[in-house]
Amino acid sequence: MTRSKKIALSIVLPIAVILIVLLSLSLVYGIDILKDAIEHRGWTKIDYCNDRWDVQIPNANIKYTFSSCGGFNGDGETYTICQYSSLPNEFLQDFTSDSKGEYLEKYNSISTMLQSSKVDKSQLIEPDENYIWLSKTKNTNNTLLLAYNQQTNTLYIIEQFI
């Protein structure tokens with residue numbers, strides 16, 4: 001074998017192996033992504049939130065939705081506004097007023113990030129005494145904040161993934 005053929009093989013062979021490995025990985029993960037897309041076909045933002053946070057948000061008319069999540073880790077915020085025709089009493093049992101200001105503090109922290117994104121600022125809430133709240137934390141830094149306006153029967157779903 002000539003020297004030029006040896007050099008060509010020493011370059012082509014590792015590249016071929018890398019390409020085969022990458023192709024295999026893309027097939028494995030591509031199939032999972034396709035299965036996930038088929039399994040969740042027709043899901044709304046409410047369905048995804050229920051699945052991620054193990055909550056049971058009743059179906060509603062979704063008025064607005066925004067997501068700044070992206071990238072490899074899916075970090076970012078989601079913001080969804082749901083309108084109810086009547087008060088979902090059973091769902092709201094665990095909600096509470098913000099007498100200590102803890103929910104407002106969480107909301108302000110997340111809304112600062114939302115305001116620096118491309119969210120429609122006119123859709124962000126201005127918390128007042130008409131709101132009752134529920135919050136969940138997962139993996140110590142992912143936050144779900146639910147704000148329900150009792151006067152307008154509107155639920156605001158605010159998620160932050162870090």
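We use all heavy atoms of the structure for the numbers below, so side chains are in, but hydrogens, waters and symmetry mates are not.
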K121 atom NZ, neighbour heavy-atom count above 12 within 6.0 Å: yes
Are Y103 and I132 side-chain neighbours, meaning at least one heavy-atom pair lies under 4.5 Å? no
Could you walk me through whether F91 and L146 pass the side chain to side chain contact (heavy atoms under 4.5 Å, CB included) test, one step at a time? CA-CA 11 Å; F91 169 66; L146 301 174; 4.0 Å; yes
Is it the case that the side chains of W133 and E102 hold a donor-acceptor pair, with the cut-off being a distance below 3.5 Å and no angle test? no
F95 side chain near L92 side chain, heavy-atom distance below 4.5 Å: yes
Can you find a heavy atom in the side chain of F66 that is under 4.5 Å from one in the side chain of L114? yes
Is there a side-chain contact between D51 and W43 (heavy atoms, below 4.5 Å)? yes
If you define the side chain from C-beta out and look only at heavy atoms, does anything of Y148 sit under 4.5 Å from T154? no
Hey, does the side chain of N139 reach the backbone of N142 with a donor-acceptor pair shorter than 3.5 angstrom? no
Using a 3.5 Å distance criterion without hydrogens, assess whether the side chain of S109 forms a donor-acceptor pair with backbone atoms of E105. no
Using side chain to side chain contact (heavy atoms under 4.5 Å, CB included), reason through Y156 and T80 one step at a time and then give a plain yes or no. CA-CA 6 Å; Y156 299 85; T80 305; over 6 Å; no
Can you name the closest pair of heavy atoms from P58 and I46 and give their distance? O-CD1, 3.9 Å
E159 vs T143 side-chain heavy atoms within contact, under 4.5 Å: no
Just so I know, are the side chains of K45 and S67 near enough to count as touching, which here means a heavy-atom distance under 4.5 Å? yes
Looking just at side-chain N and O atoms, do K106 and S135 make a donor-acceptor pair shorter than 3.5 Å? yes
Would you say D128's side chain and N130's backbone share a donor-acceptor pair under 3.5 angstrom? yes
Using the side-chain contact (heavy atoms from CB on, under 4.5 Å) rule, pick out the option among I81, I158, V119 that qualifies with L124. V119
Side chain S68, main chain E77, donor-acceptor under 3.5 Å: yes
Just wondering, do Y79 and I157 contact through their side chains at under 4.5 Å, heavy atoms? no
Examine distances only and state if a side-chain atom of D47 and a backbone atom of T44 form a donor-acceptor pair shorter than 3.5 Å. yes
Any donor and acceptor pair, going by atom type alone, linking the side chain of N149 with main-chain N or O of Y131 inside 3.5 Å? no
Checking Q83 side chain against N153 main chain: does a donor-acceptor pair fall under 3.5 Å? yes
Roughly how far apart are L145 CG and Q160 CD, rounded to 0.5 Å? 10.0 Å
Taking it one step at a time, do N61 and C82 satisfy side chain to side chain contact (heavy atoms under 4.5 Å, CB included)? CA-CA 6 Å; N61 184 13; C82 304; over 6 Å; no
